[in-house]
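Both backbone and side-chain heavy atoms feed into the values below; hydrogens, waters and symmetry mates do not. Since this is a predicted model, take the numbers as computed values, not measurements.
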Amino acid sequence: MTGYFRSRISGTGSYLPEKVLTNHDLEKMVDTNHDWIVERTGIVRRHIAADDEAASDLGFKAAQRALTAAGLTAKDLDGIIFCTVTGDQSMPSSACCLQAKLGCRSIMAFDLSAACSGFVYGLSVADHFIRLGGFKHILVVGSEVIHRFVNYEDRETCILFGDAAGAWIVSQTAADDKNVIMSSHLHSEGSLGDLFVLGAGGSRIPLSPEVLDKKGQFVKMKGREIYKNAVRTMTSCCHQALDANHVQAKDVDWLIPHQANLRIMEAVADHFDFPKEKVIVAVHETGNTSAASIPTAFQIGLETGKIKRGDLILLTAFGAGLTAGSVLMRY
Ligand code: UT7
(Lines give C-alpha, C1' and ligand atoms only; values in the text may rest on other atoms or scores of the structure.)
Protein backbone atom coordinates (compact mmCIF):
# COMPACT_ATOMS: atom_id res chain seq x y z
CA MET A 1 0.00 0.00 0.00
CA THR A 2 3.06 2.30 0.32
CA GLY A 3 2.86 5.32 -1.96
CA TYR A 4 -0.92 5.57 -2.17
CA PHE A 5 -1.36 7.87 0.80
CA ARG A 6 0.09 11.07 2.17
CA SER A 7 -0.45 12.97 5.44
CA ARG A 8 -2.21 16.27 5.82
CA ILE A 9 -2.68 18.34 8.95
CA SER A 10 -6.45 18.32 9.47
CA GLY A 11 -6.65 20.18 12.79
CA THR A 12 -4.41 21.90 15.31
CA GLY A 13 -4.71 23.27 18.84
CA SER A 14 -2.60 24.43 21.73
CA TYR A 15 -2.88 25.22 25.40
CA LEU A 16 -0.92 27.62 27.58
CA PRO A 17 -1.48 27.36 31.35
CA GLU A 18 -3.08 30.38 32.97
CA LYS A 19 -0.31 31.28 35.40
CA VAL A 20 2.38 33.57 33.96
CA LEU A 21 5.93 33.98 35.23
CA THR A 22 7.46 37.23 33.97
CA ASN A 23 11.10 38.27 33.84
CA HIS A 24 10.30 40.73 36.63
CA ASP A 25 8.99 37.83 38.77
CA LEU A 26 12.27 36.01 38.14
CA GLU A 27 14.26 39.08 39.23
CA LYS A 28 12.82 38.51 42.70
CA MET A 29 13.83 34.82 42.72
CA VAL A 30 17.35 34.76 41.25
CA ASP A 31 20.20 37.12 40.29
CA THR A 32 18.97 38.17 36.85
CA ASN A 33 17.21 41.07 35.18
CA HIS A 34 14.55 41.66 32.55
CA ASP A 35 16.86 43.48 30.12
CA TRP A 36 19.49 40.70 30.15
CA ILE A 37 16.87 38.03 29.51
CA VAL A 38 15.23 39.96 26.65
CA GLU A 39 18.55 40.88 25.05
CA ARG A 40 20.07 37.36 25.25
CA THR A 41 16.95 35.25 24.61
CA GLY A 42 13.95 37.35 23.48
CA ILE A 43 11.88 35.85 26.31
CA VAL A 44 9.53 38.18 28.22
CA ARG A 45 7.26 35.72 30.02
CA ARG A 46 6.50 32.03 30.23
CA HIS A 47 3.45 30.06 31.38
CA ILE A 48 3.53 27.72 34.38
CA ALA A 49 1.21 24.74 34.93
CA ALA A 50 -1.00 24.70 38.03
CA ASP A 51 -0.06 22.31 40.87
CA ASP A 52 -2.68 19.79 39.74
CA GLU A 53 -1.74 19.92 36.04
CA ALA A 54 0.56 17.30 34.49
CA ALA A 55 1.65 16.83 30.87
CA SER A 56 -1.41 14.79 29.89
CA ASP A 57 -3.75 17.47 31.31
CA LEU A 58 -2.18 20.15 29.12
CA GLY A 59 -2.14 17.71 26.20
CA PHE A 60 -5.82 16.93 26.75
CA LYS A 61 -6.84 20.57 26.33
CA ALA A 62 -4.70 21.02 23.22
CA ALA A 63 -6.01 17.73 21.76
CA GLN A 64 -9.65 18.71 22.30
CA ARG A 65 -9.02 21.94 20.39
CA ALA A 66 -7.26 20.09 17.57
CA LEU A 67 -10.13 17.57 17.28
CA THR A 68 -12.68 20.39 17.12
CA ALA A 69 -10.64 22.17 14.44
CA ALA A 70 -10.47 18.94 12.41
CA GLY A 71 -14.20 18.27 12.81
CA LEU A 72 -13.40 14.90 14.38
CA THR A 73 -14.12 13.17 17.67
CA ALA A 74 -11.74 11.16 19.84
CA LYS A 75 -13.38 7.97 18.51
CA ASP A 76 -12.04 8.79 15.04
CA LEU A 77 -8.41 8.58 16.20
CA ASP A 78 -6.29 5.56 15.23
CA GLY A 79 -3.25 6.45 17.30
CA ILE A 80 -1.66 8.85 19.77
CA ILE A 81 2.00 9.85 19.76
CA PHE A 82 2.74 11.88 22.89
CA CYS A 83 6.05 13.74 22.61
CA THR A 84 7.44 14.71 26.00
CA VAL A 85 10.37 14.47 28.39
CA THR A 86 8.23 15.56 31.35
CA GLY A 87 5.46 12.96 31.20
CA ASP A 88 2.99 12.42 34.04
CA GLN A 89 5.17 9.51 35.28
CA SER A 90 7.42 6.84 33.73
CA MET A 91 4.62 4.30 33.59
CA PRO A 92 1.88 4.31 32.36
CA SER A 93 2.74 6.55 29.45
CA SER A 94 1.20 9.99 29.13
CA ALA A 95 -0.17 8.79 25.79
CA CYS A 96 -2.22 6.12 27.61
CA CYS A 97 -3.38 8.69 30.19
CA LEU A 98 -4.54 10.89 27.33
CA GLN A 99 -6.19 7.97 25.48
CA ALA A 100 -8.31 7.35 28.61
CA LYS A 101 -9.11 11.04 29.19
CA LEU A 102 -10.23 11.56 25.60
CA GLY A 103 -12.31 8.35 25.58
CA CYS A 104 -10.60 6.94 22.48
CA ARG A 105 -11.03 3.43 21.17
CA SER A 106 -8.38 0.83 22.10
CA ILE A 107 -5.83 2.43 19.77
CA MET A 108 -2.03 2.56 19.59
CA ALA A 109 -0.70 5.10 22.13
CA PHE A 110 2.91 5.67 23.09
CA ASP A 111 5.28 8.35 24.39
CA LEU A 112 8.14 9.62 22.27
CA SER A 113 11.26 11.01 23.92
CA ALA A 114 13.33 13.35 21.75
CA ALA A 115 13.33 16.42 24.03
CA CYS A 116 12.85 19.69 22.15
CA SER A 117 12.90 17.86 18.80
CA GLY A 118 10.04 15.66 20.02
CA PHE A 119 7.26 17.20 17.94
CA VAL A 120 9.21 17.02 14.68
CA TYR A 121 10.08 13.40 15.49
CA GLY A 122 6.41 12.69 16.30
CA LEU A 123 5.19 14.20 13.01
CA SER A 124 7.69 12.12 11.08
CA VAL A 125 6.64 8.89 12.81
CA ALA A 126 2.94 9.69 12.26
CA ASP A 127 3.59 10.49 8.59
CA HIS A 128 5.28 7.14 8.08
CA PHE A 129 2.42 5.24 9.76
CA ILE A 130 -0.12 7.11 7.62
CA ARG A 131 1.75 6.47 4.37
CA LEU A 132 1.64 2.73 5.05
CA GLY A 133 -2.16 2.88 4.86
CA GLY A 134 -3.32 1.33 8.14
CA PHE A 135 -3.97 4.61 9.99
CA LYS A 136 -6.38 7.42 9.06
CA HIS A 137 -6.00 9.90 11.92
CA ILE A 138 -3.07 10.10 14.34
CA LEU A 139 -2.97 12.62 17.17
CA VAL A 140 0.52 14.02 17.69
CA VAL A 141 0.91 15.91 20.96
CA GLY A 142 3.88 17.89 22.26
CA SER A 143 3.35 18.65 25.93
CA GLU A 144 5.73 19.62 28.70
CA VAL A 145 5.49 20.63 32.33
CA ILE A 146 9.16 21.40 32.38
CA HIS A 147 9.09 23.93 35.22
CA ARG A 148 8.95 21.00 37.70
CA PHE A 149 12.45 19.98 36.51
CA VAL A 150 13.98 23.45 36.64
CA ASN A 151 16.08 24.71 39.53
CA TYR A 152 14.89 28.25 40.28
CA GLU A 153 18.28 28.92 41.92
CA ASP A 154 20.11 28.31 38.61
CA ARG A 155 19.83 31.52 36.60
CA GLU A 156 21.36 29.92 33.50
CA THR A 157 18.38 27.60 33.03
CA CYS A 158 15.42 28.88 35.04
CA ILE A 159 14.88 31.95 32.87
CA LEU A 160 14.50 29.85 29.73
CA PHE A 161 11.72 27.34 30.23
CA GLY A 162 7.91 27.34 30.31
CA ASP A 163 5.02 24.87 30.14
CA ALA A 164 2.67 24.35 27.19
CA ALA A 165 1.01 21.81 24.93
CA GLY A 166 0.28 21.66 21.23
CA ALA A 167 -1.59 19.01 19.28
CA TRP A 168 -2.02 18.22 15.60
CA ILE A 169 -4.23 15.67 13.89
CA VAL A 170 -2.24 14.04 11.09
CA SER A 171 -4.74 12.56 8.64
CA GLN A 172 -4.59 10.26 5.63
CA THR A 173 -5.13 11.94 2.28
CA ALA A 174 -4.75 11.03 -1.41
CA ALA A 175 -1.25 10.80 -2.89
CA ASP A 176 -1.96 13.74 -5.23
CA ASP A 177 -3.11 16.13 -2.46
CA LYS A 178 -0.82 19.17 -2.47
CA ASN A 179 -1.31 20.15 1.20
CA VAL A 180 0.79 17.39 2.74
CA ILE A 181 3.87 16.64 4.80
CA MET A 182 6.45 16.63 2.02
CA SER A 183 9.47 15.28 3.89
CA SER A 184 11.03 14.80 7.28
CA HIS A 185 14.67 14.41 8.30
CA LEU A 186 15.69 13.31 11.80
CA HIS A 187 19.12 13.16 13.44
CA SER A 188 20.88 12.41 16.71
CA GLU A 189 24.37 12.91 18.16
CA GLY A 190 24.43 10.94 21.40
CA SER A 191 28.12 11.67 21.94
CA LEU A 192 27.08 15.27 22.79
CA GLY A 193 24.43 14.14 25.26
CA ASP A 194 26.15 15.65 28.30
CA LEU A 195 25.52 19.19 27.03
CA PHE A 196 21.94 19.09 28.28
CA VAL A 197 20.80 16.53 30.84
CA LEU A 198 18.04 15.68 33.28
CA GLY A 199 20.16 13.09 35.02
CA ALA A 200 18.33 11.65 38.03
CA GLY A 201 15.13 9.67 38.37
CA GLY A 202 15.98 6.97 35.82
CA SER A 203 17.63 3.55 36.21
CA ARG A 204 21.17 4.99 36.32
CA ILE A 205 20.65 7.49 39.13
CA PRO A 206 17.48 6.63 41.06
CA LEU A 207 16.06 9.40 43.22
CA SER A 208 17.39 9.37 46.78
CA PRO A 209 17.76 11.99 49.54
CA GLU A 210 21.45 12.43 48.53
CA VAL A 211 20.52 12.97 44.87
CA LEU A 212 17.86 15.51 45.85
CA ASP A 213 20.40 17.32 48.08
CA LYS A 214 22.64 17.70 45.02
CA LYS A 215 19.67 18.94 42.93
CA GLY A 216 20.05 15.97 40.57
CA GLN A 217 16.36 16.09 39.70
CA PHE A 218 16.79 19.32 37.71
CA VAL A 219 17.98 20.07 34.16
CA LYS A 220 21.64 21.02 33.69
CA MET A 221 22.86 22.70 30.55
CA LYS A 222 26.02 23.97 28.89
CA GLY A 223 24.26 26.91 27.29
CA ARG A 224 26.92 28.23 24.95
CA GLU A 225 27.71 24.81 23.47
CA ILE A 226 24.02 24.07 23.05
CA TYR A 227 23.61 27.42 21.32
CA LYS A 228 26.35 26.68 18.75
CA ASN A 229 25.04 23.18 18.08
CA ALA A 230 21.49 24.47 17.76
CA VAL A 231 22.42 26.89 14.97
CA ARG A 232 24.60 24.28 13.24
CA THR A 233 22.09 21.41 13.34
CA MET A 234 18.94 23.39 12.54
CA THR A 235 20.67 25.06 9.58
CA SER A 236 21.79 21.72 8.20
CA CYS A 237 18.34 20.13 8.75
CA CYS A 238 16.74 23.03 6.85
CA HIS A 239 19.19 22.52 3.96
CA GLN A 240 18.23 18.85 3.86
CA ALA A 241 14.52 19.66 3.71
CA LEU A 242 14.98 22.23 0.93
CA ASP A 243 17.34 20.07 -1.13
CA ALA A 244 15.18 16.94 -0.85
CA ASN A 245 12.21 18.86 -2.28
CA HIS A 246 14.13 21.02 -4.79
CA VAL A 247 12.76 24.09 -3.03
CA GLN A 248 14.60 27.35 -2.38
CA ALA A 249 14.41 29.23 0.91
CA LYS A 250 12.70 32.16 -0.83
CA ASP A 251 9.78 29.85 -1.73
CA VAL A 252 9.08 29.06 1.94
CA ASP A 253 6.22 31.11 3.43
CA TRP A 254 6.98 30.47 7.10
CA LEU A 255 9.94 29.16 9.04
CA ILE A 256 8.93 27.76 12.44
CA PRO A 257 12.07 26.89 14.38
CA HIS A 258 12.13 25.41 17.87
CA GLN A 259 11.48 28.38 20.16
CA ALA A 260 14.53 28.29 22.43
CA ASN A 261 16.13 31.65 21.91
CA LEU A 262 15.33 34.46 19.47
CA ARG A 263 19.02 34.85 18.60
CA ILE A 264 19.27 31.18 17.61
CA MET A 265 16.19 31.51 15.37
CA GLU A 266 17.52 34.67 13.74
CA ALA A 267 20.93 33.08 13.15
CA VAL A 268 19.29 30.17 11.30
CA ALA A 269 17.13 32.56 9.24
CA ASP A 270 20.15 34.78 8.44
CA HIS A 271 22.01 31.77 7.10
CA PHE A 272 19.38 31.49 4.33
CA ASP A 273 18.86 35.27 3.96
CA PHE A 274 15.36 34.44 5.10
CA PRO A 275 13.33 37.55 6.06
CA LYS A 276 12.75 37.83 9.81
CA GLU A 277 9.08 38.75 9.22
CA LYS A 278 8.58 35.23 7.85
CA VAL A 279 9.86 33.53 11.00
CA ILE A 280 7.06 32.59 13.40
CA VAL A 281 8.16 33.75 16.86
CA ALA A 282 6.39 32.92 20.12
CA VAL A 283 9.37 32.69 22.44
CA HIS A 284 8.66 36.12 23.99
CA GLU A 285 5.33 34.75 25.25
CA THR A 286 6.19 31.12 26.02
CA GLY A 287 9.92 30.71 26.68
CA ASN A 288 11.32 27.34 25.66
CA THR A 289 8.53 24.77 25.98
CA SER A 290 10.56 21.86 24.56
CA ALA A 291 8.37 19.46 22.53
CA ALA A 292 5.42 21.87 22.76
CA SER A 293 7.25 24.79 21.20
CA ILE A 294 6.65 24.24 17.47
CA PRO A 295 2.88 23.49 17.66
CA THR A 296 2.42 26.35 20.13
CA ALA A 297 4.21 28.79 17.83
CA PHE A 298 2.27 27.43 14.84
CA GLN A 299 -1.02 28.06 16.65
CA ILE A 300 -0.04 31.65 17.44
CA GLY A 301 0.88 32.11 13.77
CA LEU A 302 -2.47 30.64 12.72
CA GLU A 303 -4.59 32.61 15.17
CA THR A 304 -2.88 35.91 14.38
CA GLY A 305 -3.84 35.39 10.73
CA LYS A 306 -0.30 34.87 9.43
CA ILE A 307 -0.46 31.19 8.47
CA LYS A 308 -3.00 30.21 5.79
CA ARG A 309 -4.01 26.95 4.12
CA GLY A 310 -1.66 26.16 1.26
CA ASP A 311 1.36 27.93 2.80
CA LEU A 312 4.74 26.24 2.50
CA ILE A 313 6.08 25.79 6.02
CA LEU A 314 9.49 24.65 7.22
CA LEU A 315 9.72 23.30 10.76
CA THR A 316 13.06 22.69 12.39
CA ALA A 317 14.08 21.67 15.88
CA PHE A 318 17.02 20.65 18.04
CA GLY A 319 17.21 19.45 21.60
CA ALA A 320 18.79 17.30 24.26
CA GLY A 321 20.19 14.04 23.04
CA LEU A 322 21.38 15.81 21.02
CA THR A 323 18.50 15.47 18.60
CA ALA A 324 17.52 17.55 15.59
CA GLY A 325 15.20 17.45 12.63
CA SER A 326 13.13 19.23 10.01
CA VAL A 327 9.74 18.82 8.35
CA LEU A 328 8.72 20.57 5.14
CA MET A 329 4.98 20.70 4.57
CA ARG A 330 2.30 22.51 2.67
CA TYR A 331 -0.42 23.39 5.19
O1 UT7 B 1 16.07 23.47 23.81
C2 UT7 B 1 17.46 23.51 24.06
C3 UT7 B 1 17.65 24.19 25.38
N4 UT7 B 1 18.68 25.09 25.53
C5 UT7 B 1 18.93 26.21 24.81
O6 UT7 B 1 18.38 26.46 23.77
C7 UT7 B 1 19.97 27.13 25.34
C8 UT7 B 1 20.89 27.66 24.30
N9 UT7 B 1 21.76 28.69 24.87
C10 UT7 B 1 21.30 29.92 25.09
O11 UT7 B 1 20.19 30.27 24.78
C12 UT7 B 1 22.29 30.92 25.68
O13 UT7 B 1 23.58 30.32 25.71
C14 UT7 B 1 21.89 31.39 27.11
C15 UT7 B 1 20.65 32.25 27.01
C16 UT7 B 1 21.64 30.19 28.01
C17 UT7 B 1 22.99 32.23 27.69
O18 UT7 B 1 23.28 33.35 26.83
P19 UT7 B 1 24.79 33.67 26.43
O20 UT7 B 1 24.75 34.88 25.58
O21 UT7 B 1 25.38 32.42 25.84
O22 UT7 B 1 25.42 34.04 27.83
P23 UT7 B 1 26.68 33.39 28.54
O24 UT7 B 1 26.36 32.03 29.05
O25 UT7 B 1 27.86 33.54 27.63
O26 UT7 B 1 26.83 34.35 29.78
C27 UT7 B 1 27.17 35.74 29.63
C28 UT7 B 1 27.17 36.38 31.00
C29 UT7 B 1 27.94 35.59 32.04
O30 UT7 B 1 28.57 36.52 32.90
P31 UT7 B 1 30.12 36.88 32.69
O32 UT7 B 1 30.85 35.58 32.87
O33 UT7 B 1 30.23 37.46 31.33
O34 UT7 B 1 30.35 37.87 33.79
C35 UT7 B 1 26.86 34.86 32.80
O36 UT7 B 1 27.22 34.55 34.12
O37 UT7 B 1 25.81 36.47 31.48
C38 UT7 B 1 25.73 35.87 32.78
N39 UT7 B 1 24.42 35.26 32.94
C40 UT7 B 1 23.33 35.94 33.36
N41 UT7 B 1 23.16 37.21 33.73
C42 UT7 B 1 21.92 37.59 34.11
C43 UT7 B 1 24.05 33.99 32.67
N44 UT7 B 1 22.75 33.82 32.93
C45 UT7 B 1 22.28 35.01 33.36
C46 UT7 B 1 21.02 35.47 33.76
N47 UT7 B 1 20.88 36.75 34.12
N48 UT7 B 1 19.94 34.66 33.79
Side-chain angles (χ1 to χ4, degrees), residues 13-30 32-34 36-62 65 82-88 94 114-120 141-167 196 198 217-221 223 226-227 230 256-265 280-301 303-304 317-320:
S14 68
Y15 171 71
L16 287 169
E18 218 170 285
K19 183 177 165 193
V20 167
L21 184 68
T22 66
N23 292 346
H24 295 297
D25 295 330
L26 283 165
E27 284 175 355
K28 295 173 200 141
M29 299 159 70
V30 71
T32 191
N33 63 81
H34 171 79
W36 189 96
I37 300 173
V38 172
E39 189 188 312
R40 300 293 178 119
T41 72
I43 300 168
V44 175
R45 64 183 76 82
R46 65 287 290 145
H47 293 246
I48 300 292
D51 290 346
D52 61 353
E53 279 182 319
S56 74
D57 301 309
L58 273 54
F60 175 65
K61 289 188 173 142
R65 291 172 185 174
F82 198 106
C83 313
T84 190
V85 284
T86 59
D88 296 24
S94 300
C116 304
S117 309
F119 197 75
V120 163
V141 176
S143 180
E144 305 278 13
V145 180
I146 201 161
H147 91 270
R148 300 229 161 88
F149 303 90
V150 165
N151 178 2
Y152 283 93
E153 292 171 358
D154 174 9
R155 70 177 183 172
E156 287 175 23
T157 53
C158 75
I159 56 140
L160 297 174
F161 297 100
D163 305 332
F196 188 22
L198 208 179
Q217 72 276 35
F218 296 128
V219 293
K220 291 194 176 61
M221 189 185 70
I226 288 280
Y227 188 108
I256 313 185
H258 169 48
Q259 310 280 309
N261 182 322
L262 184 60
R263 286 158 58 215
I264 294 175
M265 292 188 259
I280 301 285
V281 174
V283 73
H284 54 285
E285 176 62 38
T286 63
N288 179 349
T289 62
S290 183
S293 95
I294 285 180
T296 306
F298 175 91
Q299 205 60 31
I300 290 174
E303 288 170 9
T304 52
F318 75 96

- Using modelled atom types only, decide if a donor and an acceptor are shared between the side chain of S143 and the backbone of S56 within a distance under 3.5 Å. no
- Query: Do R46 side-chain atoms and I159 backbone N/O form a donor-acceptor pair below 3.5 Å?
  - Reply: yes
- Query: Any side-chain heavy-atom pair from V44 and V38 closer than 4.5 angstrom?
  - Reply: yes
- Message: Nearest 0.5 Å, please: how far is CG in L21 from CD1 in I43?
- Response: 11.0 Å
- Message: Within the structure provided, determine whether L16 and T286 are in side-chain contact (heavy-atom separation under 4.5 Å).
- Response: yes
- Query: Are any non-hydrogen side-chain atoms of V219 and V150 less than 4.5 angstrom apart?
  - Reply: yes
- Task: Using modelled atom types only, decide if a donor and an acceptor are shared between the side chain of S94 and the backbone of G87 within a distance under 3.5 Å.
- Result: no
- Query: Do the side chain of D88 and the main chain of A54 share a donor and acceptor less than 3.5 angstrom apart?
  - Reply: no
- Item | Rounded distance [0.5 Å steps], CG in D154 versus NZ in K220 | 8.0 Å
- Query: Minimum heavy-atom separation for G166 to A292, with atom names?
  - Reply: N-CB, 4.3 Å
- Query: Side chain of T86, backbone of V145: donor and acceptor closer than 3.5 Å?
  - Reply: yes
- Identified side chain to side chain donor-acceptor pair (under 3.5 Å) partner of H47 from the options K19, E285, E18, H147: E285
- Message: Which residue is it: L160, V30, N33? I am looking for the one with a side chain to side chain contact (heavy atoms under 4.5 Å, CB included) to R155.
- Response: V30
- Message: Restricting to non-hydrogen atoms, name the atom on G319 and the atom on C116 that form the minimum distance, rounded to 0.1 Å.
- Response: CA-CB, 3.8 Å
- Closest non-hydrogen atom pair between N23 and R45, with its separation: OD1-N, 4.4 Å
- Message: Would the distance check show the side chain of Q259 and the main-chain N or O of P257 forming a donor-acceptor pair, the cut-off being under 3.5 Å?
- Response: yes
- Task: Report yes if some heavy atom in the side chain of Y227 is under 4.5 Å from a heavy atom in the side chain of I264; otherwise report no.
- Result: yes
- May I ask you to decide if R40's main-chain N or O and N261's side chain share a donor-acceptor pair within less than 3.5 Å? yes
- Item | For the student: nearest non-hydrogen atoms of H258 and A317, plus distance | CB-CA, 3.8 Å
- Message: I need the minimum non-hydrogen distance between T84 and A55, along with the two atoms involved.
- Response: OG1-CB, 4.3 Å
- Ignoring hydrogens and angles, state whether a donor on the side chain of S290 or E144 is under 3.5 Å from an acceptor on the partner side chain. yes
- Would you check, one step at a time, whether the test side chain to side chain contact (heavy atoms under 4.5 Å, CB included) holds for Y152 with L26? CA-CA 8 Å; Y152 283 93; L26 283 165; 4.1 Å; yes
- Query: With side chains defined as the heavy atoms from C-beta onward, is the minimum distance between L58 and D163 less than 4.5 Å?
  - Reply: yes
- Query: Tell me, do F218 and T157 make a side-chain contact under 4.5 Å, heavy atoms counted?
  - Reply: no
- Nearest heavy-atom approach of I37 to T41 is O-OG1, 2.6 Å
- Going from CD on E53 to CD1 on I48, what distance comes out if it is rounded to the nearest 0.5 angstrom? 11.0 Å
- Item | Parallel, tilted or perpendicular: ring planes of F161 versus F196, cut at 30 and 60 degrees | parallel
- Query: How far apart are the C-alpha atoms of I226 and F318, what are their side-chain angles, what is the distance that settles it, and do they pass the side chain to side chain contact (heavy atoms under 4.5 Å, CB included) test?
  - Reply: CA-CA 9 Å; I226 288 280; F318 75 96; 3.7 Å; yes
